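This structure is a prediction, so every number in the text was calculated from the model and none was measured. Numbers here simply count residues along the sequence, with the first being 1.
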Amino acid sequence: MKLLGGLWVICAVATTGCFSLDRDAFTFTQYKLEVRIEPEQQRLAVRGTVTLRNDSAGAQKNAVLQISSGLTWRSIQADGKGLQFVSQPYVSDIDHTGQLSEAIVALPREIPPGGSVELDIGYEGVIPLDATRLTRIGVPKSTAVHSDWDQIGKPFSAVRGVGYVAWYPVAMEAGNLSEGRSLFEVLGRWKEREQKALVKIRLSLVTDNSEGPRTLLCGNEGDHRYEPGSGGQDVSADCEFAPLGLRVPTFVLANYEILDQSAAQIAYRPEHKANAEKFAQAAEAVTPFVAEWFGAPPGKAQVGELFDPGASPYESGALLLTPLNDTDPKLLQIAMVHELTHAAFSSPRPWIHEGLAHFLQGAYREHQESRQAALDFMGLHRTAIVEAEKAVTSERKEETTKEESLISATIDEFYRSKAAYVWWMLRDLLGPETLRAVLRTYKPDQDTEAAYLQRLFQAQSKRDLQWFFDDWVYHDRGLPDFLVESAFARQASQGNYLVTVTIQNLGAAGAEVPVTVHFEGGETNQRVEVRGKAKGIVRIATPRPPTEIVVNDGSVPESDLGNNVFHASAPVK
Ligand SMILES: [Zn+2]
C-alpha cells in the first residue's frame with residue numbers, strides 16, 4: 001500500500017489529473033543560499049534561491065526538491081508567491097539517514113524543455129550523527145560512524161554534500177546501497193549533470209557561546225576559506241564554486257588553529273600541532289615532484305582535521321578532511337601528492353581527475369624507492385579491481401545495465417584504481433616525457449568529446465592508440481589474463497642465447513606487457529604488445545641459458561596472476 005499512498009499524494013498536488021513524476025527532469029543550474037548553523041542545537045536554517053532548467057524532452061508542471069530527512073521544508077515560492085507543495089519522505093541512500101524530505105512542487109507555469117524557473121526556498125532542521133543507511137544493511141554502528149561521520153555539533157561540525165548529507169536541495173531517483181551499483185550510478189549521473197552549476201553559499205555561525213568553534217572551512221577556491229571571528233559570533237565564510245565541477249560542497253566548523261604554508265594550509269586542533277606540521281612538511285617535500293608534472297600548483301592543498309581518529313578521510317577538490325594521526329612521513333608524502341595534484345590539475349572526467357592523482361602517488365612511490373615498490377603500492381588495489389570487474393560482468397548478464405567503461409565510470413574501483421593503472425600503462429607505453437607533454441596541453445574546458453585525450457596522445461606520440469583506448473577507456477573489456485604459452489631457447493653466436501617467447505592473452509583487453517627472462521646470475525626483459533584474445537611473440541637475447549620466463553611485472557592489471565611463470569627447458573644447440 002506504500003506505493004498507492006505515494007501516488008495519491010502526488011495526484012493530490014497535480015492541477016490536472018495524475019502524472020508521472022520525473023525526478024531527473026531538472027538540472028539545478030544555480031544555487032544562492034544563506035546557511036545559518038547553530039552547533040549547540042545541531043541545527044541548520046537555509047534561505048535562498050535555486051534555478052532549475054528542464055532538461056527533459058517534455059514540459060514539466062512539477063518539480064522535485066530533496067533534502068535530508070532531518071530537515072523540514074518551510075516555504076517554496078516563485079515570483080514572490082507561495083507555491084503549493086507536498087512534502088513526503090522518500091527512501092534513498094544518497095543521504096546518511098537513508099531517507100529524504102522530498103517536496104513535490106506545483107510550478108506556477110508549465111516549464112517547456114530548455115526553460116528555467118527560479119524558486120525561493122526555505123528549510124531548516126537538524127543534522128545529527130546518523131549512519132542508518134549503513135546499519136540497516138548490516139554494518140555495525142561502531143564501524144559505520146567512522147565512514148558516515150557527518151554531523152553538526154559542538155565542538156565540531158563536518159558535513160559533506162550530496163552522497164552523504166543532502167544539506168542543499170537536489171533531485172534524483174533513489175539510490176540504494178543494497179542494490180549493486182545503484183547508489184553510485186545515480187550519484188555519478190547527478191555529479192556529471194551538475195558540473196556547470198554555479199554555487200554560491202554564505203555560511204554563518206549562530207552562537208551565544210564565545211568558547212564555541214571559530215573557524216569555518218569549505219572546499220573553495222581563492223583565499224577566502226576561513227574567517228576566524230573574534231568573539232565567536234561573527235564567523236562566516238563564502239563558499240563559491242563557479243562552476244562546481246566534480247566538487248561536493250562541504251563545510252567544517254571547529255576551533256582550529258591554521259598552519260599556512262606555501263604548498264598547503266592545515267586546519268588542526270592545538271593538541272595536534274606536531275602532526276599538522278608533519279602534514280605541512282610532507283606537502284613541501286613533494287611540491288617539486290608535482291611541479292615537474294604540472295608546473296607550480298596555482299592553489300594550495302587544504303587539510304582539515306576530523307576529530308574522530310578512526311574516521312575515513314574524505315576529499316573534495318583540493319580539500320582533504322582527515323584525522324591528524326601520527327602517520328609515517330612517507331605515507332603523508334604520498335597522500336599530499338594526491339592533494340597537490342588536485343590543486344595543480346583538474347578534469348571534468350573522474351577517471352582523469354582521480355586516476356591521475358592516484359597514478360602520481362604510484363610514480364612518487366617509485367621516486368621514493370623503486371619501480372617494484374610502486375607496483376606493490378598500486379597492487380594493493382588489484383584484487384578490488386578484479387572483484388569489481390567480476391561484479392560488473394555478472395550484473396550486466398542479469399540486467400540491461402550499462403557498460404562500466406572508464407570514461408563514464410561511477411564506481412571508485414574503476415575511476416580511481418583501474419584508472420591509475422591506465423595512466424601507468426600509458427606512461428610505460430609512451431614514456432614519461434610524452435605523458436608530461438600531453439598533460440601540459442590538456443585543457444579541461446576542451447575535453448568535451450570522448451576522443452579528446454586520445455588525440456592529444458596521438459599528436460605527441462605519433463602512434464595509433466585506438467586499440468588501447470577502445471579496450472581500456474571507451475569500453476569495459478575486463479582485464480587481460482596473460483600466460484607464457486611457450487619459450488624456446490637456442491644457442492646463438494658468441495655463446496649467447498636467443499629465447500623465443502609466445503605470450504597468450506586469454507582476456508579481452510590488450511596491453512603492452514613486460515616479459516622477463518631469468519638466467520643464472522641475472523635477468524633481462526622486453527615489452528610485447530598482446531591484443532585481447534590474441535598472442536604475441538618476443539625474442540630476447542640472454543648471455544646464459546634461460547631458467548624461468550615471467551610475463552607481467554604487475555604494471556598491467558590482470559585477472560589471474562597464477563599462470564604467468566614458465567620454467568624453461570634446456571636450450572636447443
Ligand atoms: Zn582525489
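Taking the side chain as every heavy atom from C-beta outward, N275 and Y268 never approach each other to under 4.5 Å. Between L332 and Q281 there is no side-chain heavy-atom pair separated by less than 4.5 Å. In this structure, V501 and V484 have side chains that are in contact, with non-hydrogen atoms separated by less than 4.5 Å. You'll find the side chain of Y442 reaches within 4.5 Å of the side chain of F345, heavy atoms only. Here the side chains of R440 and R436 are in contact, with some heavy-atom distance below 4.5 Å. Using a 4.5 Å heavy-atom cutoff, the side chains of I266 and L324 are in contact.
A donor-acceptor pair is defined here as one N or O able to donate and one able to accept, closer than 3.5 Å; such a pair exists between the side chain of R247 and the backbone of L244. Side-chain atoms of Q265 never come within 3.5 Å of backbone atoms of K300 as a donor-acceptor pair (strictly under, hydrogens ignored). K191 places no side-chain N or O within donor-acceptor distance of the main-chain N or O of L246, the cut-off being under 3.5 Å. Remark: the backbone N or O of F414 is not paired with any side-chain donor or acceptor of S417 at under 3.5 angstrom. Judged by distance alone, the side chain of D150 and the main-chain N or O of R160 form a donor-acceptor pair under 3.5 Å. In terms of modelled atom types and a separation under 3.5 Å, the side chain of E404 and the main chain of T410 share a donor-acceptor contact.
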Chi angles and distances behind the side-chain contact (heavy atoms from CB on, under 4.5 Å) call for W424, M378 = CA-CA 10 Å; W424 187 280; M378 306 232 309; 3.7 Å; yes
Show your working on ring pair (Phe, Tyr, Trp, His ring centres under 6.0 Å) between Y314 and Y164 and close with a plain yes or no.
-> CA-CA 11 Å; Y314 175 77; Y164 298 91; 5.1 Å; yes
Might you work through the side-chain contact (heavy atoms from CB on, under 4.5 Å) test for Q333 and F289, ending with a clear yes or no?
-> CA-CA 11 Å; Q333 288 173 10; F289 178 81; over 6 Å; no
Start with the C-alpha distance between V473 and Q454, add both sets of side-chain angles, then the distance that settles side-chain contact (heavy atoms from CB on, under 4.5 Å), and finish with yes or no.
-> CA-CA 10 Å; V473 180; Q454 185 196 337; over 6 Å; no
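With respect to the salt-bridge test (charged N to carboxylate O, under 4.0 angstrom), the residues R365 and D376 do not qualify. Ionic pairing of K535 and E485 is present here: one or more N-O contacts between side-chain nitrogen and carboxylate oxygen are shorter than 4.0 angstrom. A salt bridge does not link D471 with R531: every distance from a Lys NZ or Arg NE/NH1/NH2 to an Asp or Glu carboxylate oxygen is 4.0 Å or more.
Taking the six-membered ring where tryptophan is involved, the planes of W423 and F359 are tilted, since the angle between them lies from 30° to 60°. Below 30°, between 30° and 60°, or above 60°: for F377 and H381 the angle between ring planes is above 60°, a perpendicular geometry.
The six-membered or imidazole ring of Y168 lies away from that of F28, with a centre-to-centre distance of 6.0 Å or more.
In plain terms, the two heavy atoms of I334 and Q361 that are nearest each other are O-NE2, 2.9 Å. Residue L177 comes nearest to L183 through the heavy atom pair CD2-CD2, 3.4 Å, listed as atom of the first residue, atom of the second, then distance.
E520 and T547 are not linked by any side-chain donor-acceptor pair at a separation below 3.5 angstrom, with hydrogens and angles left out of the test.
Remark: R416 is not positioned above the aromatic ring of W351, lacking an NZ or CZ atom under 6.0 angstrom from the ring centre and at most 45 degrees off the axis.
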